[in-house]
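Below is one structure, written out as structure tokens; the observations come after it.
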Amino acid sequence: MRTTPISEMDKRFDPKSYESRWQQDWAAKGYFVCFVPDLPIVPSRLSDPAEPGAARSYCIMIPPPNITGKLHMGHALQSTLQDLLTRWRRMQGRNALWLPGTDHAGIATQLMVERDLAKEGKSRHDLGRDRFLERVWSWKEQYQGNIRRQLDLLGASCDWTRERFTLDEGLSLAVREAFVRLFEEGRITRGEYLVNWSTGLDTAISDLEVEMRQVQDKLWKIAYPIAGGTEHVVVATTRPETLLGDTALAVHPEDERYRHLIGRHAVVPVAGRVIPFVADESVEREFGTGVVKVTPYHDLADFETGRRHGLPGIQVIDRQGRMTSAAGEEFAGLEVDAARALLLAKLREAGLLVHEEDYVHNVGFCQRSGVRVQPLMSTQWFCDVSSMAAEALAAHRNGRLELVPASWGKTWEHWLENIRPWCISRQLWWGHQIPAWYDEAGTCFVARTREAAAAQAGHDRLTQDGDVLDTWFSSALWPFSTLGWPEKTADLAYFYPTSVLVTGFDILFFWVARMVMMGLHFTGESPFARVHLTGLVRDAEGVKMSKTKGNVLDPEDLVDEYGADAVRFTLALLDSPGRDIPLDPERMAGYRAFGNKIWNATRFALSKVGEARIPEAIDFDRLALPERWILSRLSQTAEAVSLHLEEFRFDLACSDLYQFFWSDFCDWYIEMAKPGCDPGSERLLVKEVLLLTLDRSLRLLHPAMPFLTEELWQRLPGHDAIHPQTICLAAYPGREPGWVLGATETELMKLLQETVTLVRNERADRKLTHRVKAELYLQPAKADDEESSASLAYLSSSEVQRLLASIAGVQRVVLASPPASAINKSVRQGIGITPVFEVPAEPVDLTKLGLELAKVEENIGKVRARLESADFSAKAPAAVIEGARKNLDALELERARLRTALGRDSEAG
RNA sequence: GGGAGGUUAGCUCAGUGGUAGAGCACCUGCCUUACACGCAGGGUGUCGUGGGUUCAAGCCCCUCACCUCCCACCA
């Protein structure tokens, strides 16, 4: 693809000028489309090359976004991390598949379409099931495209030829297969139980969809007359209207106050029904009055109590949240609130309302619609996941499934150990209709198809169950249904189990746990080896984003303003384990500046390198110290980045890269390369090192900043020898074993940098501009110091003099004592370093020097005390002791220097 | 009631027992061989509290406090 030549490169980089261009180019060339090789096939989770030439797969399944709308910041974060991993592994030579797709999101989508319909004054019932579903499908087409467009904007390297949707034909087949198998195994059953009923959604919901909230309520105390007497017992309740459905009163078997009542009866106020007293251990004697009303059909605890005592139940509230006829003529048809008011009035009238008080407690709400959950008796489909949960626990315990951060392990264990049957049926239209059919007599036939059900029934006069499955049922199959399961496809054999799952901790139970359970059950394998759980993206103040608060950031707006690369880099850099992510757009401006830095560093290099090309190999031993140093830093960085990516430490990997590129490469190396590129320099291969470092830096950065790196890499002379087409497929750099500095060289480089800093420091202190030149006086701090003589020789070499002139404004290096008018500035590695500027010296600030001296002396005291401690010298490692000694030496030289400057030579050491 | 995480610079956060770090913000001076989305320099910390282990603790152990979040059928 054509790029503008360097001469036309703009001073300022503009992400908009190339981002969409590259996304289109990549898509057109099909770089991200995966092909399953004929042989050999190596399971994706092996992290070491199993055999040469084997095409190892790597696979990430996208957590399918709901088709209800657009991507939010959480999607942007997770997509960035998934893309980063996929691009990184792809560059490492893995056959890397990132499979995209969307979720039909039953309740959420149906609600949105119904809301849309409501604007026309219609309900879904006006249209009827078929026409309503047609409408949802057309809605889906519209939004699915939107999600793809947004992923493209972010630079996602998905294989769009494999895009899936949870309601498409293949996945629907997988859902029916899974359902029927679980039914045949006896794990799925249909039955009447007390379920969480949402009157807001008009459907049953699972336990996970119930959210507990603290509520300011009232606690009423009501007197129940005891049958055959004049006594009363007082019962506390927060829901008096359910009294109409009471079938017993319960007390603790050992409660002396009420023992005599066990076996006797009470009269339900208003209703007049006679109900027994039962003894049950679950009753807390200390709470309320110690007597509990038992309403088996409207309270889960009471349901259990009722079961234990064989009590009947009475349904007094219906699915619309109104009182039934069983509640009595006066109440039938009333909303719960109205029924409560009426009942309380009647109790007052009868003198049976003993007490009323404010009361704070936790109440279940429907997470999605926000209404109070009504516990109701209802016939639903349930999935008993207990044995699957045990397998999921085992997979985690034996390491086949790793959660990152590992602290989620306890949560995982606790939830799976206390798991209850999963209510999987929903009274909705949008979703996978349950593959069960009924004949006129109501006999149920579960089968993969209507035909198969008809074969079971012996006739075709069947009606399919009207309910659909919980959306999470199909999501649970996602890692393998997307690869063609239950067919034994090549994709499934090659890419399953997948490598990594990246998702938010908020759906650990909803989704991750269920995928693991279903995956283990149907394929015998955990669907992924590792799960990276991200935090929540919050606003700059750390507040959760919400429409009502108006603090929502839209990824699309951010990409528009800062460019996709800056958005990606920011998100990856902020992803610290176990932390939420406070996202400040200011931060993105900072990483956009990083993009600008990379752009300009490249622009500079290209303007300097002339005919040079990226070298295939470089003779490290022939290079001068600055070149050797930057290559060693490059190698260290490459190693650190990959290690951090292995551990999902995107934050550390990105800051490694940021630090290396900005500080080491731009601030130090490019500055040092400037004199090295000038004619007459003795340093070898400077231009090649410049290009090589740039090439590898861009490749290292590519997974995080794909667009910018491609745009720039394409301009590097010689890039096509690394990969003929694209940086996306160029090899990811690793550590170079030969690029290592010895200890002496490392110290020498440090000395060089400290010398430069010292000169700059002094210049800044004296408010001199960089134009004021300096002479640099160097001398050994101690007489006859052999170690320092080698350093002195290096610092005074013509090449280094040239370098110091360029980056520190040093005109001349003099190996001598500074003139008497100058003060010795500092001592480093046994060398006294004194810059003398071509302007008159300022009077020495004695106060400041005095303070410095005091500090040095304090430190000397500390280090000395440590060295003199017998325990320290006996127990501390030799290296630490040696370090402390060296430190003391340096401090003492510094003290001597300061004393000289202060004219206190005479004082004793 | 159980559980998890957090508490480090003004802000947001890294930190691997051995003299406390980054980015942003702030202050000073600079249009210097690419970059003012820049360069150079600056500095601030009782590392939440109180104990313990250790020659040595921001880091390991215990206590408490505060903040976030998850799980949980005291009506």
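Atom set for the values below is all heavy atoms of this structure, side chains included, hydrogens, waters and symmetry mates excluded. Chain A is the first sequence line, chain B the second, and so forth, proteins listed ahead of strands; every chain is numbered from 1.
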(message) So for A:Lys597 and B:rC35, does any side-chain atom that can act as donor or acceptor lie under 3.5 Å from a complementary atom in the base?
(response) yes
(message) Nearest to the A:Ala301 side chain among B:rA75, B:rC73, B:rC55, which nucleotide is it?
(response) B:rC73
(message) Taking only the C1' atom of each, what is the distance from B:rC37 to B:rC24 in whole angstrom?
(response) 14 Å
Pairs under 3.5 angstrom only: tabulate donor-acceptor contacts from the side chains of residues 872-883 of chain A to other protein residues two or more places apart or in another chain.
from, atom 1, to, atom 2, distance (Å)
A:Ser873, OG, A:Ser869, O, 3.2
A:Ser873, OG, A:Ala870, O, 3.2

(message) Categorize A:Phe665 for me: base, sugar-phosphate, or nothing, with a 4.0 angstrom heavy-atom threshold over every strand shown.
(response) nothing
(request) Provide the distance between the two C1' atoms, one in B:rG15 and one in B:rC59, to the nearest whole Å. (result) 9 Å
(request) Check whether the ring centres of A:Phe303 and A:Tyr297 lie less than 6.0 Å apart, and answer yes or no. (result) no
(request) Under 4.0 Å between any heavy atoms, over every strand shown, what does A:Trp662 touch: base, sugar-phosphate, or nothing? Just pick one. (result) sugar-phosphate
(request) Can you tell me, in whole Å, how much space there is between the P of B:rC26 and that of B:rC11? (result) 15 Å
(message) With rounding to the closest Å, how many angstrom separate the C1' atoms on B:rU68 and B:rU46?
(response) 26 Å
(request) For the side chain of A:Arg579, starting at C-beta, report the closest nucleotide among B:rC37, B:rC74, B:rG6. (result) B:rG6
Between protein and nucleic acid, restricted to nucleotides 28-33 of chain B and to nitrogen or oxygen atoms under 3.5 Å apart, what atom pairs and distances do you find?
from, atom 1, to, atom 2, distance (Å)
B:rU28, O2', A:Lys767, NZ, 3.4
B:rC30, O2', A:His770, ND1, 3.3
B:rC31, OP1, A:Arg771, NH2, 3.2
B:rU32, O4', A:His770, NE2, 2.6
B:rU33, O2', A:Lys674, NZ, 2.9
B:rU33, O2, A:Lys608, NZ, 2.5
B:rU33, O4, A:Asp678, OD2, 3.0

